[in-house]
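What follows is a short report on a single structure.
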Amino acid sequence: QLQFVESGGGLVQPGGSLRLSCAASGFTLDNYVIAWFRQAPGKEREGVSCISESRISTDYRDPVKGRFTISRDNAKKTAYLQMDSLKPEDTAVYYCAAGRRLYQPTCWAFRRDYWGQGAQVTVSP
């Protein structure tokens, strides 16, 4: 069975940190682009960050630049999103996604083949 399992969400105070993980089961990540998305209540799902297959290139949306770090360990078949200096507006359900690249150079152009189940992140005093 092909799965992409997320972990690491939770409740944190403003200024705190969390690390999300996304582990692949039944497939390898080597040839896939990986990205993180989030969806806040009443809002559309939005991209957060993406990383290329070889880790050479990454991209971050403006709201999280300088605070979030995306990474991957292909040997462990796991992707990560380190979230620092969290703000209340970061509260959302976070999803990881992986798939084959559609075209160069942006890591956002990929086929969303696999999705994680979502992890709730709540930033509140």
query = Between the main-chain N or O of Cys107 and the side-chain N or O of Ser52, is there a donor-acceptor pair closer than 3.5 Å?
reply =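 A pair under 3.5 Å: no.
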inquiry  = So does Glu46 get a backbone contact from the side chain of Gln39, meaning a donor-acceptor N/O pair under 3.5 Å?
reply    =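 Between the backbone of Glu46 and the side chain of Gln39 there is no qualifying donor-acceptor contact (under 3.5 Å).
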Donor-acceptor pairs under 3.5 angstrom involving side-chain atoms of residues 12-20: please list them, not counting sequence neighbours.
{"residue": "Ser17", "atom": "OG", "partner": "Asp84", "partner atom": "OD1", "Å": "2.7"}

Let me check something: any side-chain donor-acceptor pairs from residues 118-125 under 3.5 Å, sequence neighbours excluded? List them with distances.
{"residue": "Gln120", "atom": "NE2", "partner": "Thr122", "partner atom": "OG1", "Å": "3.3"}

What distance do [X] atom [atom1] and [Y] atom [atom2] have between them, rounded to the nearest 0.5 Å?
{"X": "Asp30", "Y": "Asn74", "atom1": "CG", "atom2": "CG", "value": "4.5 Å"}
{"X": "Lys76", "Y": "Leu29", "atom1": "NZ", "atom2": "CG", "value": "13.5 Å"}
{"X": "Ser25", "Y": "Tyr114", "atom1": "OG", "atom2": "OH", "value": "11.0 Å"}
{"X": "Leu102", "Y": "Arg112", "atom1": "CG", "atom2": "CZ", "value": "8.0 Å"}
{"X": "Asn31", "Y": "Glu53", "atom1": "CG", "atom2": "CD", "value": "7.5 Å"}

Would you tabulate the side-chain donor-acceptor contacts of residues 92-99 under 3.5 Å, counting partners in other chains and residues two or more places apart, or write 'none'?
{"residue": "Tyr94", "atom": "OH", "partner": "Arg38", "partner atom": "NH1", "Å": "3.0"}
{"residue": "Tyr94", "atom": "OH", "partner": "Asp90", "partner atom": "O", "Å": "2.6"}

query = Among Glu6, Arg61, Met83, which residue meets the side chain to side chain contact (heavy atoms under 4.5 Å, CB included) test with Trp36?
reply =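 Result: among Glu6, Arg61, Met83, Glu6 is the only option passing the side chain to side chain contact (heavy atoms under 4.5 Å, CB included) with Trp36.
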message = With a sphere of 6.0 Å drawn around CD of Glu44, does it hold more than 12 non-hydrogen atoms of other residues, nucleotides or ligands?
response =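 No - once you tally the heavy atoms of other residues, nucleotides and ligands closer than 6.0 Å, there are 12 at most.
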message = Does Arg100 qualify as a cation-pi partner of Tyr32, given the criterion of NZ or CZ under 6.0 Å from the six-membered ring centre and within 45 degrees of its axis?
response =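 Judged by the rule, Arg100 and Tyr32 form a cation-pi pair.
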task = Test Trp108 against Arg101 for side-chain contact (heavy atoms from CB on, under 4.5 Å), laying out the working first.
result = CA-CA 8 Å; Trp108 291 109; Arg101 178 184 293 273; over 6 Å; no
request  = Answer yes if the ring centres of Tyr60 and Phe68 are under 6.0 angstrom apart, and no otherwise.
outcome  =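 For Tyr60 and Phe68, the ring centres are not under 6.0 Å apart.
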message = Parallel, tilted or perpendicular: which one describes the rings of Phe37 and Phe110, with boundaries at 30° and 60°?
response =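 The rings of Phe37 and Phe110 sit tilted, inter-plane angle from 30° to 60°.
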task = Of all the heavy-atom pairs spanning Val33 and Ile51, show the shortest one and how long it is.
result =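 Scanning both residues completely, I find the closest heavy atoms to be CG1-O, 3.5 Å.
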request  = Search all heavy atoms of Lys77 against all heavy atoms of Thr28 and return the closest pair with its distance.
outcome  =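 So the two residues come closest at CD-CA, 3.9 Å.
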